[in-house]
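Heads up, the thing below is written out as structure tokens.
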Number of protein chains: 2
Amino acid sequence: MKKINKSRYAILGMLFDKPRSGYSIKSNMLESTSRFWQESDASIYPMLKTLEAEGKVTSKNEFVGKRAKKMFEITQTGKDEFLAWMALPAESETHRDELLLKLFFGANTTPDETIKQLRLKLQQSQKKRAQLTIVQIDTLAQIPDTHTHKLFWEMALKNGLMHYDAQINWLIDSINCLENKFGGKNGNKN
Amino acid sequence: MKKINKSRYAILGMLFDKPRSGYSIKSNMLESTSRFWQESDASIYPMLKTLEAEGKVTSKNEFVGKRAKKMFEITQTGKDEFLAWMALPAESETHRDELLLKLFFGANTTPDETIKQLRLKLQQSQKKRAQLTIVQIDTLAQIPDTHTHKLFWEMALKNGLMHYDAQINWLIDSINCLENKFGGKNGNKN
DNA sequence: TTGAACATGTAAACGGTTACATGATTTA
DNA sequence: TAAATCATGTAACCGTTTACATGTTCAA
């Protein structure tokens, strides 16, 4: 089965409700979908161009204050394509996790190195979880319940919280396990 | 920062303990690391060639019964490179999850379609979790505790179980949430 | 005897990222 | 006035996947 470009759907989805500029799509995704979906700068602008050539979006130049923006609007054809994709079963992601690979090969190095990797990941996960709760309080909680997107955005955010919680618990267990087995140095808390 | 080929480390890691053929690496990874790391057929053979040209592995043709195999053995230089990578902090994976993207855009389609997506994922997650417990019982449990890799393989497997458990709970919660809110059709259990 | 598993590869296309490039406007 | 943010793009590279290609051996 031929692999197809999924970026287009993310972009069409971001345009579904209202017209946006490329920059707006980019920054919006950064603060909303980045945990499970990100687009690099260099993928959004060319894709918008392609979508316009295909008639899936239209563009017009606008001025917001003194700033020039190229605003893109989704067409009916674009909506049709987006909705057709939405109806398709979600393909399971192929996921590469370097930490788990290093853990899998842990016997080939010292336990201390693996513990170090796990501790670093623990720090990162705790930080990311904290950032997510900030989004929850500062952004999501401000949206009125009548907003049609709110429920779905909440569910996606809950997925993140649950993911980090489970990950953090597993990391703590794993670190303890290694330290008990190999007499981990408690001084090495960096 | 330039993105570098990580496949090489996975392959060097698989060769660290004992010589293997390309096919053996492939099938071995399929049953051990595939949840968090996979290599396609077309990446292993060329990479082995590259590694050999770099002096990281050596090869010789062997016969196992009547079957010809090209067995690859890691060199000291190869081990050095692998260990240097192991000591590097694990880079955080960029992860694309199509289900979460569709959920995020759920307000643009009918709740029923989103529920369908979540139900499908629930089935898949339950199936994958079951497969993992089979690996745990049939494969991991058979390995003697003295085997240096066992502890690490167990931790990686536990990560999978915890991941699926959390995911399954979240899916059930989310499905219930949507059904309560939108009066989900209970007949639609496919 | 037929299909599954073993076994090894190549070529081309594709998607995505990195690095490069530029410039305006707002805020500290 | 300097830095951060807004704003839009291109070119080249690289890693990965898909499709193609071939042949053997073992078990049902």
Side-chain angles (χ1 to χ4, degrees), chain A residues 1-11 14 19-31 33-34 36-53 57 59-72 85 91-98 101, chain B residues 1-11 14 19-31 33-34 36-53 57 59-72 85 91-98 101:
Chain A
M1 186 175 28
K2 199 160 154 277
K3 195 181 170 183
I4 61 147
N5 189 336
K6 300 273 169 61
S7 298
R8 59 193 305 115
Y9 303 115
I11 291 171
M14 295 303 286
R20 284 177 194 279
S21 67
Y23 188 84
S24 160
I25 291 172
K26 194 188 75 172
S27 45
N28 208 288
M29 290 187 83
L30 197 66
E31 44 186 59
T33 68
S34 59
F36 51 85
W37 201 276
Q38 60 275 303
E39 298 289 342
S40 69
D41 301 25
S43 67
I44 290 175
Y45 294 111
M47 181 52 74
L48 282 166
K49 217 174 184 176
T50 306
L51 289 170
E52 192 171 14
V57 302
S59 75
K60 59 180 164 190
N61 292 309
E62 270 182 27
F63 279 84
V64 179
K66 286 182 178 177
R67 261 185 220 284
K69 285 186 185 196
K70 197 172 179 183
M71 298 296 276
F72 291 89
W85 168 75
E91 278 174 47
S92 56
E93 64 279 19
T94 55
H95 184 187
R96 281 187 159 191
D97 188 325
E98 215 180 325
L101 188 64
Chain B
M1 185 178 21
K2 198 158 153 280
K3 193 181 169 183
I4 60 145
N5 188 337
K6 301 271 169 64
S7 298
R8 59 192 308 115
Y9 303 115
I11 291 169
M14 295 303 288
R20 283 177 195 279
S21 66
Y23 188 84
S24 159
I25 292 172
K26 194 187 75 172
S27 46
N28 208 288
M29 289 187 83
L30 197 67
E31 46 185 59
T33 67
S34 60
F36 50 85
W37 202 275
Q38 61 276 303
E39 299 289 341
S40 69
D41 302 26
S43 67
I44 291 177
Y45 294 111
M47 181 52 74
L48 282 167
K49 216 172 183 177
T50 305
L51 289 170
E52 191 170 17
V57 302
S59 75
K60 60 181 162 188
N61 292 310
E62 270 182 28
F63 279 85
V64 178
K66 286 182 179 178
R67 260 186 221 285
K69 286 187 185 194
K70 199 173 177 182
M71 299 296 276
F72 290 88
W85 169 75
E91 279 175 46
S92 56
E93 64 279 19
T94 55
H95 184 189
R96 283 188 159 189
D97 188 326
E98 217 181 324
L101 189 64

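Just so it is clear: chains get the letters A, B, ... in the order the sequence lines come, proteins before strands, and each one is counted from 1. Source: prediction; values computed, not measured.
Going from atom CZ of A/R67 over to atom C1' of D/dT5 covers 7 Å, rounded to whole Å. Distance A/M71 CE to D/dC6 P: 15 Å, rounded to the nearest Å. The distance between atom CG of B/D41 and atom C1' of D/dT18, rounded to the nearest whole Å, is 11 Å. Atoms CD (A/E39) and C1' (C/dG15) sit 10 Å apart, rounded to a whole Å. In this structure, CD1 of B/I11 is placed 13 Å from P of D/dG15, rounded to the nearest angstrom. One can place NZ of A/K69 at 16 Å from P of D/dT5, the figure rounded to the nearest angstrom. Rounded to a whole Å, the CE atom of A/M47 is 16 Å from the C1' atom of D/dT10. Taking atom CD1 of B/I25 as the reference point, atom P of C/dG9 lies 11 Å away to the nearest angstrom.
Phosphate proximity of D/dT17 to B/S43: absent, as no side-chain N or O sits under 4.0 Å from OP1 or OP2. Listed pair B/Y23 / C/dC6 meets the phosphate criterion, a side-chain N or O lying under 4.0 Å from OP1 or OP2. The shortest distance between the side-chain N/O atoms of B/N5 and the OP1/OP2 oxygens of D/dC14 is not below 4.0 Å. Using a 4.0 Å cut-off, some side-chain N or O of B/R96 falls inside it from OP1 or OP2 of C/dG16.
For the pair B/M47/B/E39, no side-chain contact is recorded, criterion being any heavy-atom separation below 4.5 Å from C-beta on.
When all heavy atoms are compared, the tightest approach of B/K70 to B/N61 is CG-OD1, 3.6 Å. Residues A/S7 and B/R96 share a closest heavy-atom pair of OG-NH2, 3.4 Å. Of all the heavy atoms in A/Y23 and A/Y45, the pair that sits closest is N-OH, 3.5 Å.
Comparing atom distances between the B/S21 side chain and each of D/dT8, C/dT18, C/dT8 picks out C/dT8 as nearest. Candidate nucleotides D/dA7, C/dT25, C/dT8 were compared by shortest atom distance to the side chain of B/K26, and C/dT8 ranks first. Distance from the side chain of B/A42 is smallest to D/dA19 among C/dT8, C/dT25, D/dA19. For A/Y45, the listed nucleotide lying nearest its side chain is D/dT8; candidates were D/dT24, D/dT8, C/dT26.
Residue A/V64 is the one, among A/K49 and A/V64, whose nearest nucleotide of DNA chain D lies closer to the 5' end (criterion: closest heavy atom). Between A/S40 and B/G22, it is B/G22 whose nearest contact on DNA chain C lies nearer the 5' terminus.
With respect to A/R20, the side chain to side chain contact (heavy atoms under 4.5 Å, CB included) criterion is satisfied by exactly one of A/N28, A/V57, A/L48: A/N28.
Backbone-only contact: A/K70 has heavy atoms under 4.0 Å from sugar-phosphate atoms and none from a base. Contact annotation for A/S24: no contact, since no heavy-atom pair falls under 4.0 Å across all strands. Within the nucleic acid shown, B/S27 has no heavy atom closer than 4.0 Å to any nucleic acid atom.
The neighbour count for B/K6 NZ, taken as heavy atoms of other residues, nucleotides or ligands under 6.0 Å away, is above 12.
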